[in-house]
Amino acid sequence: DAKVNGEISHRVLHDFKYDIKIDAQNLLAYDWNEHETNTFWGTVYSDGNCRLWGSTDAVHVDMDMTPCKNTTFVYDSSNPMGSDNKEYIHFTKPDIIEGIGEDSLSENKQEKGEKDSSTDTYLNFKINTNPDATLIVLTDRKTGDNMSLRGSGPLHVNYYNKGKFS
């Protein structure tokens, strides 16, 4: 169940802007099947709120969600499109979380001759994890080796499509 509120504006069908808010209760928020090229898949039910806002130049997504029962999310770390960094677990103190995770996604794209999207994408996820959800980190797709994770606590994920992931 979800309530959606928002607005979309433009100037003579140019300069589009939007601001959409979603309040959810046990919403099927993500449902993607496994496929050989997918890095992420699973089924996610959640409570919480989400705000999507921006323009044609920038997309912002702010989420504060709590997983509900029957939530399973799979990350295939063995997928070539996934990260080259195979250090799976990083323990941090809550007061030093800001600034963690500078990476070289943009530099790697430039080295490979790939172009960045002209649209900036900013994702800010606060996930209030609990034992209702299972995160599976697939370490070897061929053998099925994986780590299955459950627990409680806040998980903050920030992503910028032109360089920052933490």
Side-chain angles (χ1 to χ4, degrees), residues 1-33 35 37-77 79 81-83 85 90 92-110 112 114-130 132-135 137 149 151-166:
D1 186 32
K3 293 179 185 174
V4 178
N5 229 331
E7 66 179 55
I8 299 172
S9 63
H10 63 87
R11 276 197 236 178
V12 194
L13 298 177
H14 296 299
D15 193 24
F16 279 88
K17 294 183 179 169
Y18 54 91
D19 191 352
I20 300 168
K21 296 175 181 103
I22 303 167
D23 290 313
Q25 292 199 341
N26 200 28
L27 176 72
L28 176 57
Y30 185 83
D31 192 21
W32 203 257
N33 293 324
H35 186 271
T37 60
N38 291 352
T39 302
F40 302 99
W41 64 87
T43 303
V44 176
Y45 296 93
S46 63
D47 293 337
N49 56 67
C50 177
R51 180 178 178 217
L52 302 138
W53 56 282
S55 65
T56 54
D57 296 328
V59 175
H60 300 264
V61 179
D62 294 322
M63 286 180 28
D64 185 350
M65 305 297 272
T66 301
C68 298
K69 288 185 180 186
N70 300 317
T71 291
T72 301
F73 188 76
V74 179
Y75 169 57
D76 181 2
S77 68
N79 185 323
M81 298 303 290
S83 172
N85 184 355
H90 299 275
T92 61
K93 294 180 182 176
D95 59 336
I96 61 168
I97 289 176
E98 282 300 313
I100 289 177
E102 291 292 333
D103 69 11
S104 57
L105 288 176
S106 289
E107 292 171 17
N108 288 341
K109 283 183 176 183
Q110 290 171 358
K112 294 177 183 176
E114 297 176 21
K115 292 184 181 179
D116 280 328
S117 166
S118 62
T119 302
D120 292 337
T121 303
Y122 301 91
L123 304 178
N124 178 28
F125 295 166
K126 179 183 175 199
I127 304 166
N128 306 298
T129 60
N130 61 47
D132 287 337
T134 301
L135 169 63
V137 179
L149 309 166
S152 296
L155 177 63
H156 295 262
V157 178
N158 295 296
Y159 171 77
Y160 172 54
N161 68 319
K162 296 181 181 169
K164 185 175 180 180
F165 180 80
S166 61

| message | Using side-chain heavy atoms (C-beta onward) and a distance below 4.5 Å, is S55 in contact with D15? | response | no

| To the nearest 0.5 Å, how far apart are CG in L52 and NE2 in H60? | 11.0 Å

| message | Would you say that N26 contacts D47 through its side chain, given a criterion of any heavy-atom pair below 4.5 Å between the two side chains? | response | yes

| query | How many angstroms lie between atom CE of M63 and atom CG of N124, to the nearest 0.5 angstrom? | reply | 9.5 Å

| task | Would you check if V4 and I22 make a side-chain contact, meaning some heavy-atom pair closer than 4.5 Å? | result | yes

| query | Do the side chains of T43 and N70 get nearer than 4.5 Å, heavy atoms only? | reply | no

| Polar contact flag, side-chain donor to acceptor under 3.5 angstrom, N128-D64 | yes

| query | Rounded to the nearest 0.5 Å, how far apart are CZ of F16 and CD1 of I8? | reply | 8.5 Å

| message | Quick one, F73 and T134 - any side-chain contact, counting heavy atoms below 4.5 Å? | response | no

| Is there side-chain contact between F125 and L155, with at least one heavy-atom pair below 4.5 Å? | no

| said: Once rounded to the nearest 0.5 Å, what's the spacing between atom OH of Y159 and atom OH of Y122? | reply: 11.5 Å

| said: Has N38 got a side-chain atom pairing as donor or acceptor with N33's backbone, closer than 3.5 angstrom? | reply: yes

| query | How about N49 and K21: do any of their side-chain heavy atoms sit closer than 4.5 Å? | reply | no

| said: Quick one, W32 and V44 - any side-chain contact, counting heavy atoms below 4.5 Å? | reply: no

| Just how far is it from atom NZ of K17 to atom CD of E7, taken to the nearest 0.5 Å? | 11.0 Å

| For Y45 and K69, which heavy atoms make the closest approach, and how far apart are they? | CD1-O, 3.7 Å

| task | Inspect the surroundings of CG in D31 and state if more than 12 heavy atoms from other residues, nucleotides or ligands are less than 6.0 Å away. | result | yes

| query | Shortest non-hydrogen contact from A24 to M65? | reply | CB-CE, 4.4 Å

| query | Roughly how far apart are Y30 OH and T72 OG1, rounded to 0.5 Å? | reply | 12.5 Å

| said: Tell me if a side-chain donor or acceptor on S118 pairs with a main-chain N or O of D57 at a distance below 3.5 Å. | reply: no

| task | Compare every heavy atom of T119 with every heavy atom of T56, then report the nearest pair and how far apart it is. | result | O-OG1, 3.2 Å

| With distance as the sole test, does D132 use its side chain to make a donor-acceptor pair with the main-chain N or O of T71 at under 3.5 Å? | no

